[in-house]
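Take a look at the structure below.
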Amino acid sequence: GAQFANRSVPTVEVDRTSSLVVYAGSSSGIFGNSCTAAPTLPDRGVYKSTDGGATWTKKTPSNLRVSRILQDPQTATTWWAAMVTSGGSLFPADEGGLRKSIDNGETWNQVAGTGGLPALATSWGRAWITGTTDPDFPGQSVLYLSSAQDAGGGQGQGRVFKSVDSGTTWTEKTAARGFV
């Protein structure tokens, strides 16, 4: 659709409770089959379809780059969106970090700076999230978040955080520190 023209779509997630509900995250990207010189680009962000991808509605504010969308492994109505931060951001106070939706993708709140995660800053870089369930933590999602912590061009600043309580608190896994 027009929402994705000349943009990249690095993540697509299908709701496990209904295959008609699909989320797509768009990011920068200016090349592809429909690319034109100096195109007018659609806003980036989290898009939701409730008709199997026939139509899409943007659900995040501003013009935010998304790297990964995840349906919470424990609670189907909770969704996570790992974002991308850049040093030259047009929206530096709101771009990047990690967003969470507890209303099935209708609204998305920034959680960077809470529960042990670093505050939102241009150093967040590109973030990724994944998750699972674990019998050692019954009723809770176990989540892992990586953040490049490196939008300024340095190397070896990456960090990994783990939550065993569905994203309420996060602990850095220091043995994983230093990736590019």
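The backbone N or O of Ser19 sits nowhere less than 3.5 Å from a side-chain atom of Asp15 that would complete a donor-acceptor pair. The backbone N or O of Val22 lies less than 3.5 Å from no partner atom in the side chain of Ser49, so there is not a single donor-acceptor pair.
Across all non-hydrogen atoms, the minimal contact from Ala112 to Gly97 is CB-CA, 4.2 Å.
Between the side chains of Gln74 and Ser166, no donor-acceptor pair of N or O atoms lies under 3.5 Å. In this structure, a donor-acceptor pair under 3.5 Å is present between the side chains of Asn104 and Trp79.
Scored by the side-chain contact (heavy atoms from CB on, under 4.5 Å) test, Ser67 finds Ala82, Val84, Arg126, Trp128 as partners (sequence neighbours excluded).
Remark: Asp134 CG to Gln140 CD distance equals 11.0 Å, nearest 0.5 Å. To the nearest 0.5 angstrom, Thr50 atom OG1 is 10.0 Å from Trp56 atom CH2. From Ile69, atom CD1 reaches atom CE of Met83 across 8.5 Å, with rounding to the nearest 0.5 Å. Taken from CG in Asp165 to CH2 in Trp170, the straight-line distance is 9.0 Å, to the nearest 0.5 Å. Here the straight-line distance linking atom CZ of Arg68 with atom CG of Leu98 works out to 12.0 Å at 0.5 Å rounding. Rounding to the nearest 0.5 angstrom, the gap separating the CZ atom in Arg16 from the CD atom in Gln71 is 4.0 Å.
Arg159 has its side chain within reach of Pro118: a pair of non-hydrogen atoms, C-beta onward, lies under 4.5 Å apart. Contact annotation: the side chain of Lys162 approaches that of Val142 to within less than 4.5 Å [non-hydrogen atoms, C-beta and beyond]. Val21 places a side-chain heavy atom less than 4.5 Å from the side chain of Lys48. You'll find the side chain of Trp108 reaches within 4.5 Å of the side chain of Lys59, heavy atoms only. Within the 4.5 Å cutoff, side-chain heavy atoms of Tyr23 are placed close to those of Val46. In this structure the side chain of Leu20 never reaches within 4.5 angstrom of the side chain of Asp51, judged on heavy atoms. Contact check for Leu70 versus Leu143: side-chain heavy atoms found under the 4.5 Å cut-off. Proximity of Val160 to Leu145: side-chain heavy atoms (C-beta onward) are nowhere separated by under 4.5 Å.
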Discussion item. For a side-chain contact (heavy atoms from CB on, under 4.5 Å) check, start with the C-alpha distance between Asn109 and Arg99, then their side-chain angles and the critical distance, and finish with the verdict.
Written reply: CA-CA 5 Å; Asn109 295 306; Arg99 291 181 178 270; over 6 Å; no
Item to complete: Would you please test Asp72 and Trp80 for side-chain contact (heavy atoms from CB on, under 4.5 Å) and show each step?
Response: CA-CA 7 Å; Asp72 189 90; Trp80 300 89; 3.0 Å; yes
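Taking a 6.0 Å sphere around OH of Tyr144, one finds it holds 12 or fewer heavy atoms contributed by other residues, nucleotides or ligands.
Linking ILVMFWY side-chain heavy atoms closer than 4.5 Å, directly or via other members, places Ile102 and Val111 in two distinct hydrophobic clusters.
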